[in-house]
There are 2 protein chains.
Amino acid sequence: MPTLFSIGTLSHATGCKVETIRYYEKIGLMPEPARSEGGQRRYHRRHRERLQFIRHSRELGFTLDDIRELLTLSEQHQHADAIARRHRDAVQNRISALTALRNELDRMIGECEKGHPGECRVIDVLSDHGKCLTEHSG
Amino acid sequence: MPTLFSIGTLSHATGCKVETIRYYEKIGLMPEPARSEGGQRRYHRRHRERLQFIRHSRELGFTLDDIRELLTLSEQHQHADAIARRHRDAVQNRISALTALRNELDRMIGECEKGHPGECRVIDVLSDHGKCLTEHSG
DNA sequence: ACTTGAACCTGTAGTCACTATAGCTTTTTT
DNA sequence: AAAAAAGCTATAGTGACTACAGGTTCAAGT
């Protein structure tokens with residue numbers, strides 16, 4: 001990869017769509033890059049690393065606001081600990097919620113398998129809150 | 001609960017906000033209810049059951065399009081487990097990714113406690129896909 | 001019977017995190 | 001040099017709501 005590259009090359013390198021890169025720039029998550037004579041964006045390695053960080057974090061379910069904070073954390077290694085702990089707890093909460101959800105889905109699928117052919121319990125479970133093991137309103 | 005009830009009562013019974021109920025009606029997920037003399041919505045038991053089904057499904061992370069499909073299946077008394085399975089797998093993938101991230105955060109917090117801050121591997125892990133334990137594109 | 005105020009109505013605009021389109025200009029390839 | 005690919009800006013659309021403005025109806029208290 002040459003020193004400077006286009007938005008398309010950056011897109012290809014990160015798996016992030018061109019439109020999304022421009023969007024990240026617009027909302028201030030990516031810095032404004034240099035421009036060519038003709039006004040096209042010219043990126044380099046640092047941009048690619050930052051964008052990879054953003055994409056990776058997004059895939060793990062962080063919001064753009066979370067990522068803004070994580071990026072700050074990465075730039076100034078000072079208050080890293082507190083922020084890291086808070087994120088750790090947030091991640092754990094999400095894991096717990098998703099695990100409960102997966103268990104419920106497994107149970108639903110299991111019920112469906114036990115049912116006589118042609119009879120699906122998924123719909124029943126979704127209809128009737130009393131048949132649901134997880135705690136949620138409704 | 002009387003035979004006919006207002007949107008507020010339905011909202012209270014299902015934990016679904018009034019605006020959301022009207023929104024579901026607008027997009028055709030809830031049928032248009034009867035109206036009072038003065039034009040206010042009047043629901044009955046069947047509406048409540050349908051809305052409970054929708055809310056329950058939403059809480060389990062199904063999209064409105066999934067739910068549309070589930071409702072069709074429930075009306076035709078067909079199998080719905082394929083949708084549930086697909087969704088279950090997506091949830092499991094997310095759990096795996098988040099668990100890997102939480103482990104990284106734990107490890108980093110541990111290192112911070114041992115007394116070398118500054119070296120924040122979380123950022124590394126999020127920046128560099130090669131250092132990430134989970135499988136995902138990017 | 002009348003008045004108050006909570007609940008209701010419609011319609012529109014805003015949220016988040018993109019995604020897609022239109023109608024151009026620049027860059028690259030042939 | 002011409003054609004094609006990639007880029008540009010600006011705007012509108014997506015999903016699943018949520019909030020607001022400005023008006024109407026309903027139920028309860030007097």
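Please read these numbers as outputs of a predicted model, since none were measured by experiment. Reminder, nothing fancy here: chain letters follow the sequence lines and each chain counts from 1.
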Whole-Å distance between [N] [atom2] and [X] [atom1]?
X       : N      : atom1 : atom2 : value
A:Arg42 : D:dA6  : CZ    : P     : 13 Å
B:Arg58 : D:dC17 : CZ    : C1'   : 9 Å
B:Leu29 : D:dG15 : CG    : P     : 13 Å
B:Asp65 : D:dC17 : CG    : P     : 12 Å

Not counting sequence neighbours, which residues clear salt bridge (Lys or Arg N to Asp or Glu O under 4.0 Å) with [X]? List them please.
X       : answer
B:Arg68 : B:Asp65
A:Arg45 : A:Glu49
B:Arg86 : none
B:Arg50 : B:Glu75

Please figure out whether B:Glu37 or B:Thr63 has its closest DNA chain D nucleotide nearer the 5' end. B:Thr63

5' precedence on DNA chain C between A:Ser36 and A:Tyr24 (nearest-nucleotide basis): A:Tyr24

Chain B vs DNA chain C, heavy-atom contacts under 4.0 Å, first-to-last nucleotide span, 5' to 3', is C:dC8 to C:dT12

Verify, without hydrogens or angle tests, whether A:Ser11 (side chain) and A:Ile7 (backbone) share a donor-acceptor contact under 3.5 angstrom. no

Just jot down the side-chain contact (heavy atoms from CB on, under 4.5 Å) partners of B:Thr99, sequence neighbours excluded, or say none. A:Ile95, B:Ile95, B:Arg102, B:Asn103

With sequence neighbours left out, what residues match A:Thr20 under side-chain contact (heavy atoms from CB on, under 4.5 Å)? A:Cys16, A:Lys17, A:Tyr24, A:Arg55

May I ask you to say what B:Ile7 touches in the nucleic acid, namely base, sugar-phosphate or nothing, with a heavy-atom cut-off under 4.0 Å? sugar-phosphate

Keeping to residues at least two apart or across chains, list the side-chain hydrogen bond (donor to acceptor under 3.5 Å, both in side chains) pairs with something in residues 27-36 of chain A. none

With the side chain counted from C-beta on, respond yes when B:Phe62 and B:His87 share a heavy-atom pair under 4.5 Å apart, and no when they do not. yes

Has B:Arg35 got a side-chain N or O lying under 4.0 Å from the OP1 or OP2 atom of D:dT25? no

Does B:Ser6 have a side-chain nitrogen or oxygen under 4.0 Å from the phosphate oxygens OP1 or OP2 of D:dC26? no

Distances for protein N/O vs nucleotides 18-24 of chain D N/O pairs under 3.5 angstrom?
| residue | atom | partner | partner atom | Å |
| --- | --- | --- | --- | --- |
| D:dT18 | OP2 | B:Thr20 | OG1 | 3.2 |

